A.B. asks: 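Below you will find the structure I want to go over with you.
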Amino acid sequence: MRLATWNVNSIRARVDRVVDWLERGNVDVLAMQETKCSDEQFPVMPFLAAGYEVVHCGFNQWNGVAIASRVGIADVQVGFEGQPTWSDKPDVEAAAEARALGATCDGVRVWSLYVPNGRTVGSPHYVYKLEWLAALRNAAEKWLSEDPSAQIALAGDWNIAPTDEDVWSVEFYQGSTHVTEPERAAFNAIVDAQFTDLVRPFAPGPQVYTYWDYTQLRFPKNRGMRIDFILGSPALAARVVHGEIVREERKGKAPSDHAPVLIELA
DNA sequence: ATGCCATGGACTCCATGA
């Protein structure tokens with residue numbers, strides 16, 4: 001089975017590219033982030049025509065997560081236990097955002113995750129990001145304790161560069177989110193809970209990234225960040241025979257600013 | 001070569017992204 005994650009930066013703007021890659025890449029399951037649409041607006045037909053079922057969680061133009069699969073989708077879960085809520089506006093009650101969607105695809109528990117950005121260090125959104133990651137760790141730890149043999153994939157845009165090697169310039173990101181010690185600690189706490197980076201052994205650094213800003217020729221100059229990961233439980237990690245950051249998909253006409261990240265299971 | 005912000009939605013600009 002080939003399983004991937006991809007921050008698509010609007011599925012409506014990119015559905016043809018995404019479905020085309022699913023077919024060319026022989027991808028069985030894709031976790032998507034930043035679909036930027038409501039459930040009603042999600043373009044399901046191109047996926048169905050290509051043989052993929054899709055489940056989606058999106059409320060408006062912000063966030064949005066989905067899972068497409070051609071090997072079945074069961075036990076769909078919107079959000080995880082204890083997922084923190086958020087509201088920007090005093091007149092709008094805080095609610096869980098469209099940032100986490102779980103489903104079982106051919107025996108693998110797949111989570112499509114879009115970790116909050118954090119905006120600026122110390123801001124309410126940054127605090128929310130850390131709380132969100134802590135709650136995810138607690139939920140994931142519980143899933144694994146309930147079934148140590150579970151094959152669980154935590155796949156998505158983590159909005160964290162775990163080490164200095166994962167950004168094109170430490171100086172450039174000094175004082176920014178994505179690289180701070182608390183964010184890295186929150187990420188490593190999930191790794192410590194036995195969810196390991198399944199792709200890194202096949203895509204060693206330095207200068208290996210999954211995201212490049214649209215501006216300043218960042219992609220041609222390979223000035224990016226490694227922030228998209230598939231973390232896997234021990235039983236899933238044992239099945240991995242290949243991993244890859246599909247840099248080709250950041251090229252060409254109207255790409256997402258993220259590349260897909262892919263694993264192959266025996 | 002891979003090429004110099006994109007997206008969606010409210011409103012002729014703005015929030016968001018990282």
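Here is how names work: the chains are called A, B, and so on, in the same order as the sequence lines, proteins then strands, and each is numbered from 1. Computed from a prediction, not measured in an experiment: that's the story for all the values here.
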A.B. asks: Could you check which of B:dA18, B:dG9, B:dT16 has an atom nearest any side-chain atom of A:His178?
C.D. replies: B:dA18

A.B. asks: If the cut-off is 4.0 Å, is A:Tyr114 near the phosphate of B:dA18, judged by side-chain N/O to OP1 or OP2?
C.D. replies: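 Checking B:dA18 against A:Tyr114, a side-chain N or O does come within under 4.0 Å of OP1 or OP2.
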
A.B. asks: Determine: side-chain N/O of A:Gln216 to OP1/OP2 of B:dA18, distance under 4.0 Å, yes or no.
C.D. replies: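 No.
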
A.B. asks: Are A:Arg119 and B:dA18 close enough that a side-chain N or O sits under 4.0 Å from OP1 or OP2?
C.D. replies: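 Indeed not, no polar side-chain atom of A:Arg119 lies that close.
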
A.B. asks: Would you mind classifying the nucleic acid contact of A:Gln41 as base, sugar-phosphate or nothing, using non-hydrogen atoms under 4.0 angstrom?
C.D. replies: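 Since only primed, P, OP1 and OP2 atoms lie under 4.0 Å of A:Gln41, the category is sugar-phosphate.
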
A.B. asks: So what does A:Asn63 touch, heavy atoms closer than 4.0 Å: a base, only the sugar-phosphate, or nothing?
C.D. replies: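 Nothing, no nucleic acid heavy atom in range.
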
A.B. asks: Over all strands shown, is A:Gly252 touching base, sugar-phosphate only, or nothing at heavy-atom distances under 4.0 angstrom?
C.D. replies: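 The residue A:Gly252 makes sugar-phosphate contact but no base contact.
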
A.B. asks: Has A:Asn117 got a side-chain N or O lying under 4.0 Å from the OP1 or OP2 atom of B:dA18?
C.D. replies: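 A:Asn117 to B:dA18 OP1/OP2: side-chain N or O found under 4.0 Å.
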
A.B. asks: With a 4.0 Å limit, can you tell me whether A:Arg12 has a side-chain N or O closer than that to the phosphate oxygens OP1/OP2 of B:dG9?
C.D. replies: yes

A.B. asks: Quick one: does any side-chain atom of A:Arg223 pair with a main-chain N or O of A:Leu217 as donor and acceptor, under 3.5 Å?
C.D. replies: no

A.B. asks: Using a heavy-atom cut-off of under 4.0 Å over every strand shown, decide if A:Arg14 touches base, sugar-phosphate, or nothing.
C.D. replies: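 A:Arg14: backbone/sugar contact only, no base atoms under 4.0 Å.
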
A.B. asks: Which is true for A:Trp62 with a 4.0 Å heavy-atom rule: it touches a base, it touches only sugar-phosphate, or it touches nothing?
C.D. replies: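 A:Trp62: base contact, heavy atoms under 4.0 Å.
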
A.B. asks: Quick one: is B:dG8 close enough that its OP1 or OP2 comes under 4.0 Å of any side-chain N or O from A:Ser10?
C.D. replies: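 Looking at the OP1 and OP2 atoms of B:dG8, one of them is under 4.0 Å from a side-chain N or O of A:Ser10.
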
A.B. asks: For B:dA10 versus B:dC5, give the span between their P atoms, rounded off to a whole number of Å.
C.D. replies: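 27 Å, rounded to whole Å.
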
A.B. asks: Starting at atom CD of A:Glu171, determine the distance to atom P of B:dA18, rounded to an integer number of angstrom.
C.D. replies: 22 Å

A.B. asks: What interatomic distance, in whole Å, is found between C1' of B:dT7 and the corresponding atom of B:dA18?
C.D. replies: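 Approximately 15 Å lies between the C1' atom of B:dA18 and that of B:dT7.
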
A.B. asks: Is any side-chain N or O of A:His258 closer than 4.0 Å to OP1 or OP2 of B:dA18?
C.D. replies: yes

A.B. asks: Could you give the distance separating B:dT12 and B:dG17 at their P atoms, to the nearest angstrom?
C.D. replies: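 Pairwise P distance, B:dG17 against B:dT12, rounds to 23 Å.
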
A.B. asks: Give the intermediate values and the outcome of ring pair (Phe, Tyr, Trp, His ring centres under 6.0 Å) for residues A:Trp86 and A:Trp62.
C.D. replies: CA-CA 12 Å; A:Trp86 172 258; A:Trp62 308 123; over 10 Å; no

A.B. asks: Roughly how many Å is it from NZ in A:Lys253 to P in B:dC4, rounded to a whole number?
C.D. replies: 13 Å

A.B. asks: Check every strand shown and say whether A:Glu34 touches a base, only sugar-phosphate, or nothing at a heavy-atom separation below 4.0 Å.
C.D. replies: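 Sugar-phosphate: the residue A:Glu34, judged by heavy atoms under 4.0 Å, touches backbone atoms but no base.
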
A.B. asks: Quick one: is the NZ or CZ of A:Arg250 closer than 6.0 Å to the six-membered ring centre of A:Phe219, and within 45° of its axis?
C.D. replies: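 Yes - A:Arg250 lies over the ring of A:Phe219, closer than 6.0 Å to its centre and within 45° of its axis.
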
A.B. asks: In terms of side-chain heavy atoms of A:Leu217, which of B:dA18, B:dC4, B:dT2 is nearest?
C.D. replies: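 The nucleotide sitting nearest to the side chain is B:dC4.
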
A.B. asks: Do any side-chain atoms of residues 227-236 of chain A form donor-acceptor pairs under 3.5 angstrom with protein atoms, and if so which ones, sequence neighbours left out?
C.D. replies:
unit_1: A:Asp228; atom_1: OD1; unit_2: A:His258; atom_2: ND1; d: 3.3
unit_1: A:Asp228; atom_1: OD2; unit_2: A:Thr210; atom_2: OG1; d: 2.6
unit_1: A:Asp228; atom_1: OD2; unit_2: A:His258; atom_2: ND1; d: 2.9
unit_1: A:Ser233; atom_1: OG; unit_2: A:Ala150; atom_2: O; d: 2.6
unit_1: A:Ser233; atom_1: OG; unit_2: A:Ile152; atom_2: N; d: 2.9

A.B. asks: Remember a base hit wins even if backbone is also touched, and classify A:Asp257 as base, sugar-phosphate or nothing at under 4.0 Å, heavy atoms.
C.D. replies: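 The residue A:Asp257 makes no contact with any strand.
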
A.B. asks: If you look at every strand shown and take non-hydrogen atoms under 4.0 Å, does A:Asn159 touch a base, only sugar-phosphate, or nothing?
C.D. replies: sugar-phosphate

A.B. asks: Treating A:Arg200 as the side-chain partner and A:Ala203 as the backbone partner, does any N or O pair qualify as donor plus acceptor under 3.5 Å?
C.D. replies: yes

